[in-house]
Amino acid sequence: MKPELSLLLWAVVLTLVQAVVAVHGALMQVGLAKLAGNRDGMPEIAGWGGRAARAHRNMLENLVLFAALVLVAALADKTNAMTLLGAQIFLYARIVYALVYIAGLTWVRTAVWTVSVIGLAMIFVQLI
């Protein structure tokens, strides 16, 4: 397997871990009965639980872009040292992003997100 595809697999694992953390945060605030229900009238999840949910949604949005770029690079046989570095930067930045977002470090969060987008751009540039 190409290393970029392995990093894509780990990005999926990260997304799943973020979902579990977000659910745990919501569970602590509203309880299992509310989460297991149809969620009508669900209160907004505050604090770190809400930030975890937003970080997870952001990861889902970015995972689509990352997956598309990695899959195109692999299928077109255009993987190289730069696509690998871009994929590594993306994944490591997304790990840091999740931690920083949950911790509530706003400006740092934006900077780390920008680093992850640079990783995506590095892959994209190799495809054009």
Side-chain angles (χ1 to χ4, degrees):
M1 180 184 321
K2 293 184 182 280
E4 291 87 349
L5 292 172
S6 293
L7 290 165
L8 175 56
L9 179 61
W10 285 110
V12 170
V13 171
L14 173 61
T15 306
L16 178 60
V17 168
Q18 285 186 255
V20 170
V21 170
V23 167
H24 181 67
L27 181 65
M28 291 177 61
Q29 289 185 36
V30 299
L32 182 59
K34 194 76 165 168
L35 285 179
N38 59 17
R39 298 186 181 193
D40 288 339
M42 174 78 87
E44 182 178 338
I45 306 301
W48 74 265
R51 291 191 301 273
R54 291 188 298 276
H56 176 250
R57 279 192 301 274
N58 187 273
M59 181 62 187
L60 287 170
E61 294 167 359
N62 284 270
L63 181 63
V64 171
L65 302 173
F66 181 60
L69 289 170
V70 166
L71 291 172
V72 168
L75 289 171
D77 201 29
K78 291 203 170 192
T79 58
N80 57 36
M82 193 62 69
T83 60
L84 178 56
L85 180 60
Q88 290 168 330
I89 288 171
F90 175 83
L91 180 60
Y92 300 143
R94 294 307 307 192
I95 293 167
V96 173
Y97 178 88
L99 297 171
V100 164
Y101 202 150
I102 293 169
L105 304 173
T106 54
W107 287 101
V108 177
R109 181 193 81 219
T110 302
V112 174
W113 176 84
T114 302
V115 171
S116 75
V117 171
I118 290 169
L120 293 176
M122 291 171 68
I123 300 168
F124 177 76
V125 166
Q126 299 303 302
L127 300 174
I128 57 174

Check: Phe66 and Met59 side chains under 4.5 Å, non-hydrogen atoms = no
Without hydrogens or angle criteria, can the side chains of Thr83 and Glu4 be said to hold a donor-acceptor pair below 3.5 Å?
-> yes
Taking side chain as C-beta onward, heavy atoms only, is Leu71 less than 4.5 Å from Leu5?
-> yes
State plainly whether one hydrophobic cluster holds both Tyr92 and Leu65, where clusters connect Ile, Leu, Val, Met, Phe, Trp and Tyr through side-chain heavy atoms under 4.5 angstrom apart.
-> yes
Mind listing the closest non-hydrogen atom pair of Val115 and Ala93 along with its distance?
-> CG1-CB, 3.9 Å
Between CG on residue Leu60 and OG1 on residue Thr15, distance to nearest 0.5 Å = 6.0 Å
Under 4.5 Å between side-chain heavy atoms, hopping through other hydrophobics if needed: is there a path connecting Met1 to Val70?
-> yes
Any Gln88 side-chain heavy atom under 4.5 Å of Leu84 side chain | yes
Mind checking whether Ile128 and Met122 sit in one hydrophobic cluster, side chains of I, L, V, M, F, W, Y counted as touching below 4.5 Å?
-> no
Checking Gln126 side chain against Lys78 main chain: does a donor-acceptor pair fall under 3.5 Å?
-> no
Here the gap from Ile102 atom CD1 to Arg109 atom CZ, rounded to the nearest 0.5 Å, amounts to 12.0 Å
Does the cation-pi check pass for Arg51 over Tyr101, that is, NZ or CZ under 6.0 Å from the six-membered ring centre and within 45° of its axis?
-> no
When rounded to the nearest 0.5 Å, the distance separating OH of Tyr97 from CG of Leu105 is 12.0 Å
Hydrophobic cluster identity match, Leu127 and Leu75, side-chain contacts under 4.5 Å = no
Taken to the nearest 0.5 Å, the spacing of Leu99 CG from Ile95 CD1 works out to 8.0 Å
Which atom of Leu120 lies closest to which atom of Leu69, heavy atoms considered | O-CD1, 3.5 Å
Passing option when Phe90 is tested against Asn62, Ile123, Leu7 for side-chain contact (heavy atoms from CB on, under 4.5 Å) | Asn62
About how many Å separate CZ of Arg94 and CD1 of Ile89, when rounded to the nearest 0.5 Å?
-> 14.0 Å
Nearest 0.5 Å, what's the CG-CG distance between Leu14 and Leu9?
-> 11.5 Å
Are any non-hydrogen side-chain atoms of Leu91 and Leu8 less than 4.5 angstrom apart?
-> no
Joint cluster assignment, Phe124 & Met82, ILVMFWY side-chain distance < 4.5 Å = no
Closest non-hydrogen contact found for Ala52 with Val21 is CB-CG1, 4.0 Å
